[in-house]
Asks: 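First the structure, then my questions, so here it is.
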Amino acid sequence: MSSAIERAFTILECFGKNQKPLRLADVVDDLGLPKQTVHRLIKQLEGMDLLERDIQPEKFRLGTRMRTLGIASIVSQNQTAFTRAILEDLKNRFEETVNVGVLDNGEVLYIDRVECHWPLRVQLSPGSKVKVHCTAIGKLLLAHLPEPQFAVTLRNLTLEKYTQNTIVDVVALEAECKKIRAQGYSENIGEDLQGLVALAVPVYGEGGKVIAGIAVHAPEARTSLKTMHFHLGALTDAAARLGAALTAGNS
């Protein structure tokens with residue numbers, strides 16, 4: 001590696017590849033770089049918010065600026081004619097709003113969204129954030145976090161109650177996540193907004209990692225979850241095509 005920029009980027013790649021917080025020694029062992037060099041570069045990357053201290057202070061993880069950059073990358077890939085066509089097709093099938101979201105620092109960030117034509121709908125633009133514990137995409141992405149990230153995230157969530165259906169018990173939420181992993185989809189039955197229902201499935205990237213969630217939602221008075229389930233195959237197929245497009249980077 002001929003430059004400090006290359007070495008710094010390799011360190012960031014090391015954190016991305018391992019997908020977990022790392023100690024200084026872990027990075028040294030993985031990359032075979034001198035400990036003093038790695039220590040200096042990690043401190044510089046921390047100062048730039050590209051790395052940050054983990055809840056375990058001897059470990060580091062990707063920082064806020066890296067998360068923002070990663071999300072911006074997904075958004076830029078997603079704003080293409082091909083990926084937008086996938087969402088438009090899905091919206092036309094359900095005749096309801098379709099959205100794509102990723103986890104961002106304990107919340108769900110919508111990176112793309114296609115609105116239905118009905119006047120009665122929840123209007124949220126790309127870039128909006130919603131809670132994890134009471135939304136279909138949120139519970140889905142939480143359920144697919146690797147251990148021990150799942151346990152740490154679950155433990156640090158603030159389980160606010162929005163409706164009578166909101167899950168506000170950690171044990172109950174953990175059981176819900178286990179159920180979601182087993183069945184392959186997530187539901188929202190009026191948990192963040194009374195009368196709103198949603199169905200979400202995972203979007204897979206390289207190595208079978210869940211990189212996002214795609215969901216359809218609607219007022220229950222217009223569309224029931226039972227009706228949505230009739231089109232679960234179409235939702236799953238759209239997620240597969242979206243994942244392939246995002247992973248290939250040539251959508």
Side-chain angles (χ1 to χ4, degrees), residues 15-16 18-22 49 51-71 74-75 99-113 122 124-205 209-217 225 239:
F15 280 88
N18 283 277
Q19 299 179 12
K20 64 180 181 180
L22 299 174
D49 290 332
L51 290 177
E52 65 187 21
R53 295 277 180 175
D54 185 52
I55 191 170
Q56 303 176 63
E58 75 278 8
K59 293 185 177 182
F60 295 87
R61 63 188 181 190
L62 293 175
T64 302
R65 289 180 72 183
M66 278 303 299
R67 291 195 297 271
T68 301
L69 181 61
I71 290 164
I74 295 174
V75 172
N99 50 62
V100 180
V102 297
L103 276 183
D104 179 37
N105 204 23
E107 293 183 296
V108 176
L109 174 69
Y110 287 142
I111 62 171
D112 206 353
R113 186 177 176 91
V122 177
L124 291 168
S125 61
S128 300
K129 289 187 177 183
V130 295
K131 298 299 182 181
V132 168
H133 70 291
C134 57
T135 56
I137 286 183
K139 291 186 297 179
L140 179 87
L141 296 176
L142 177 64
H144 285 89
L145 284 176
E147 291 286 359
Q149 189 180 356
F150 171 75
V152 172
T153 303
L154 188 66
R155 187 167 62 245
N156 287 282
L157 284 177
T158 300
L159 304 181
E160 299 178 64
K161 189 176 183 65
Y162 295 99
T163 74
Q164 62 182 9
N165 293 335
T166 307
I167 300 175
V168 293
D169 177 76
V170 173
V171 175
L173 184 57
E174 186 173 12
E176 175 79 354
C177 288
K178 183 178 179 180
K179 175 184 172 185
I180 289 167
R181 285 194 296 270
Q183 66 191 13
Y185 61 84
S186 174
E187 298 174 333
N188 175 3
I189 311 174
E191 294 163 48
D192 61 334
L193 188 63
Q194 195 70 43
L196 185 74
V197 293
L199 184 65
V201 298
V203 176
Y204 292 97
K209 180 188 175 185
V210 174
I211 58 173
I214 184 170
V216 58
H217 74 248
L225 265 176

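Starting from 1, each residue takes its place in the sequence as its number.
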Asks: Search all heavy atoms of L141 against all heavy atoms of G213 and return the closest pair with its distance.
Replies: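 Shortest heavy-atom separation between L141 and G213 comes out as CD2-N, 3.8 Å.
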
Asks: More than 12 non-hydrogen atoms from neighbouring residues, nucleotides or ligands closer than 6.0 Å to NZ on K59, yes or no?
Replies: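 More than 12 within 6.0 Å, yes.
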
Asks: Hey, is the main chain of V168 close enough, under 3.5 Å, to the side chain of H133 for a donor-acceptor pair?
Replies: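 The answer is no, because no donor-acceptor pair under 3.5 Å joins these two groups.
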
Asks: State, yes or no, whether a side-chain contact exists between I214 and N99 at a heavy-atom distance under 4.5 Å.
Replies: no

Asks: If you take all heavy atoms of G106 and L157, which pair is closest and at what distance?
Replies: O-CD2, 4.1 Å

Asks: To the closest 0.5 Å, what do you measure between CD (E191) and NZ (K161)?
Replies: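 E191 CD to K161 NZ: 10.5 Å, rounded to 0.5 Å.
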
Asks: So, for F150 and A143, which heavy atoms are closest and what is the spacing to 0.1 Å?
Replies: CE1-CA, 4.4 Å

Asks: Measuring from Y162:OH to L196:CG, what's the distance to the nearest 0.5 Å?
Replies: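 So the OH of Y162 and the CG of L196 are separated by 14.0 Å.
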
Asks: Can you measure from CD (E52) to CZ (F60) and round to the nearest 0.5 angstrom?
Replies: 10.5 Å

Asks: Within the distance-only criterion (no hydrogens, no angle test), does the side chain of T163 pair as donor or acceptor with the backbone N or O of G190 below 3.5 angstrom?
Replies: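 Yes, because the side chain of T163 sits within donor-acceptor range (under 3.5 Å) of the backbone of G190.
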
Asks: Enter the distance from I211:CD1 to H144:NE2 here, rounded to the nearest 0.5 Å.
Replies: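 These two atoms lie 13.0 Å from each other.
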
Asks: Would you sort out whether L62 and L51 count as a side-chain contact (heavy atoms from CB on, under 4.5 Å), showing the intermediate values?
Replies: CA-CA 5 Å; L62 293 175; L51 290 177; 4.0 Å; yes

Asks: Do the side chains of L103 and L145 get nearer than 4.5 Å, heavy atoms only?
Replies: yes

Asks: Treating Q56 as the side-chain partner and E58 as the backbone partner, does any N or O pair qualify as donor plus acceptor under 3.5 Å?
Replies: no

Asks: Which distance, rounded to the nearest 0.5 Å, do you find between the CG of N188 and the NZ of K139?
Replies: 6.0 Å

Asks: Do the side chains of D169 and L159 get nearer than 4.5 Å, heavy atoms only?
Replies: no

Asks: With rounding to the nearest 0.5 Å, note down the distance linking CD in E160 to CG in D192.
Replies: 12.0 Å

Asks: Can you name the closest pair of heavy atoms from P202 and G184 and give their distance?
Replies: CD-O, 3.5 Å

Asks: Over all heavy atoms of both residues, which pair between G101 and V108 is shortest? Give the atoms and the distance, please.
Replies: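 Answer, listing the atom of G101 first, then V108: CA-CG1, 4.2 Å.
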
Asks: Is a side-chain N or O of R61 found less than 3.5 angstrom from the main chain of D54, in a donor-acceptor match?
Replies: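 Such a contact is absent between R61 side chain and D54 backbone.
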
Asks: So, for L173 and L142, which heavy atoms are closest and what is the spacing to 0.1 Å?
Replies: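 Smallest heavy-atom distance, with atoms named: CD2-CD2, 4.0 Å.
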
Asks: Checking the side chain of N165 only, and the main-chain atoms of I189 only, is there a donor and an acceptor separated by less than 3.5 Å?
Replies: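 Checked: pair present.
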
